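Taking it in order: structure first as structure tokens, then the write-up.
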2 protein chains.
Amino acid sequence: MPYTLHRGDALTALAGIPDNSVDAVITDPPYNSGGRTSSERTGRSARAKYTSADAEHDLANFPGENRDQRSYGFWLTLLLTESYRATVESGTALVFTDWRQLPTTTDAMQAAGWTWRGIASWHKPVSRPQKGRLKQSCEYIVWGTKGPVDANRNPVYLPGLYTASQPRKGRVHITQKPVEVMQELVKICPPGGTVLDPFTGSGTTGVAALREGRQFIGVELSAHYADIAEARLHNALTQDDFELAGPEE
Amino acid sequence: MPYTLHRGDALTALAGIPDNSVDAVITDPPYNSGGRTSSERTGRSARAKYTSADAEHDLANFPGENRDQRSYGFWLTLLLTESYRATVESGTALVFTDWRQLPTTTDAMQAAGWTWRGIASWHKPVSRPQKGRLKQSCEYIVWGTKGPVDANRNPVYLPGLYTASQPRKGRVHITQKPVEVMQELVKICPPGGTVLDPFTGSGTTGVAALREGRQFIGVELSAHYADIAEARLHNALTQDDFELAGPEE
DNA sequence: CCTTGCGATGAATCCATAT
DNA sequence: GATATGGATTCATCGCAAG
């Protein structure tokens, strides 16, 4: 089976994954961001924080958006430590973050043992303009490796900037990533290797991995999204991901 | 006189600038990056670190590239603290950094009292691809304000991503910024207001400020670059910046 | 098939009001 | 008084229908 989807908590599920069994960790954890005060960040739902008041869509909320700053760093470090253990030597980690959590993410990655190698940017052309300010039109991909880079094992040249809008048609998750961006990023994993995503969500990383000929291990806490991911992963194997989430490229 | 150029050390010169006299601090401090180890960073000259071994240009070296990580953070905090004092309420700071110093820069900005507001990206399309890696094609602009944003005083909508290559023809400084990017960024300062750049270098920020109808206060330690900046600023006032640095847009 | 126009929306941000 | 919640703001971009 080219993919496995675990249902449940990320840390718990990671504990069951063997040492040195994964080639790349590619994930988009909940940011626990948004809002000026601690109560705004930890008390409000993802939907309340991140979607427009007048948006007509009715996408499900997602869990894990209630940690304060200090606890977020601690938790992310634990998570990246377990991921590090599961990863082979010279394996790679790509972790999405927003501007607020970027410094915490680079700290956590290094605290977990990874060698921090850089930052790539995902530019979203459709983003909210703001009077008297610079627009926040990018999210960031913090990346690192377990030990040295082995460029000969996987001689790819990847861009440092990815421009793509969030899917609009057939979107099933509030923070769903464009599959074309993920299809580029999974190439950091050698062909036939295994990609791990402890926060699978609607499963875009997995779909991208399967389409590009990589294997996939996912973990998702929410039963709602685990069901969706399961269906999308299944469809990706039959080259037919169109039923549930619409054409994505 | 719409511009003033101080010659000497940034911290010393900032001490002489009155409280609440500046509307925006826009600067590109030496990054003290490049090189994985402390000795690689502090022992090599800026030229050796930031230019290819076979580059044919003969740009002067620049000082201030010999601090270790901890000392860099401390020094940048001092600098941003003095800049904060010199800035009016609701004034803005834009600080360039590379990926390595990004977390240190956001820490220093907040330690100095600024409210950190976000990160913008400068994308350099012409950058070296690297085998087995994601390209480092962006530098970052960490920005913040002294207290609340006053959007009504300066109702501009600025992008979060700037794409432009480093000047090639007529480049006079190793890390010279494209003037078209700086002309966008100086708009964060209200028209007729004053822009401060404690690391003037060849003066691109000043040229951009003058072209956009802002006043400029610069500081430059190196006599070589102070001379160049002086000439470029003078020429900018006569709408003729082409002699010394070539066409830049 | 290409062009034009209309409508919807964003991992935002802030403030007024309610508890 | 501190915290929680709802709503208004804002425009480049993009999907979609009409011409």
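Each chain gets a letter, A, B and so on, in the order the sequences are listed, and its residues count up from 1. Just so it is clear, the structure is predicted and the values come from calculations on it, not from any experiment.
The 5' end of DNA chain D is approached more closely, in terms of each residue's nearest nucleotide, by Tyr157(B) than by the other of Tyr157(B) and Val126(A).
Look at Lys49(A) and you won't find any side-chain N or O under 4.0 angstrom from OP1 or OP2 of dA11(C). Under 4.0 angstrom from either OP1 or OP2 of dA11(C) there lies no side-chain N or O belonging to Gln176(A). The shortest distance between the side-chain N/O atoms of Arg117(B) and the OP1/OP2 oxygens of dC14(C) is below 4.0 Å. Checking the phosphate oxygens (OP1, OP2) of dG7(D), no side-chain nitrogen or oxygen of Arg44(A) falls inside 4.0 Å. Distances shorter than 4.0 Å separate none of the side-chain N or O atoms of Ser127(A) from OP1 or OP2 on dG10(C). Contact check, Lys124(A) against dG10(C): no side-chain N or O comes under 4.0 Å of OP1 or OP2. Residue Arg171(A) has a polar side-chain atom (N or O) positioned under 4.0 Å from OP1 or OP2 of dG10(C).
With both pairing distances under 3.5 Å, dT10(D) is matched to nothing as a Watson-Crick or G-U wobble pair. Of the nucleotides present, dA16(C) is the one that pairs with dT5(D) by Watson-Crick or G-U wobble criteria, both distances under 3.5 Å.
Proximity note for Gln166(A) (side chain, C-beta onward) versus dC14(C), dA11(C), dT13(D): the nearest is dA11(C). Closest to the side chain of Glu40(A), out of dT13(C), dT5(D), dG10(C), is dT5(D).
Among the atoms of the strands shown, only primed sugar atoms or phosphate atoms (P, OP1, OP2) are found under 4.0 Å from some heavy atom of Arg100(A). When heavy atoms are screened at a 4.0 angstrom cut-off, Pro159(B) is found touching no nucleic acid atom at all.
Ring geometry for Phe62(A) against Tyr50(A) counts as parallel: the plane angle stays under 30°, on a 0 to 90° scale with 60° as the upper cut.
With respect to the salt-bridge test (charged N to carboxylate O, under 4.0 angstrom), the residues Asp23(A) and Lys146(A) do not qualify. Salt bridge annotation for Asp150(B)-Lys131(A): absent, with no cationic side-chain nitrogen under 4.0 angstrom from a carboxylate oxygen. No salt bridge links Arg41(A) with Asp68(A); every basic N to acidic carboxylate O contact stays at or beyond 4.0 Å.
Residues Leu161(B) and His123(B) meet the side-chain proximity criterion, which asks for heavy atoms closer than 4.5 Å.
Residue-nucleotide stacking is present for Tyr31(A) and dA11(C), judged by a side-chain ring centre under 5.5 Å from the six-membered base ring centre and planes under 30° apart.
For the C1' atom pair drawn from dA11(C) and dG7(C), the interatomic distance equals 23 Å after rounding to whole Å.
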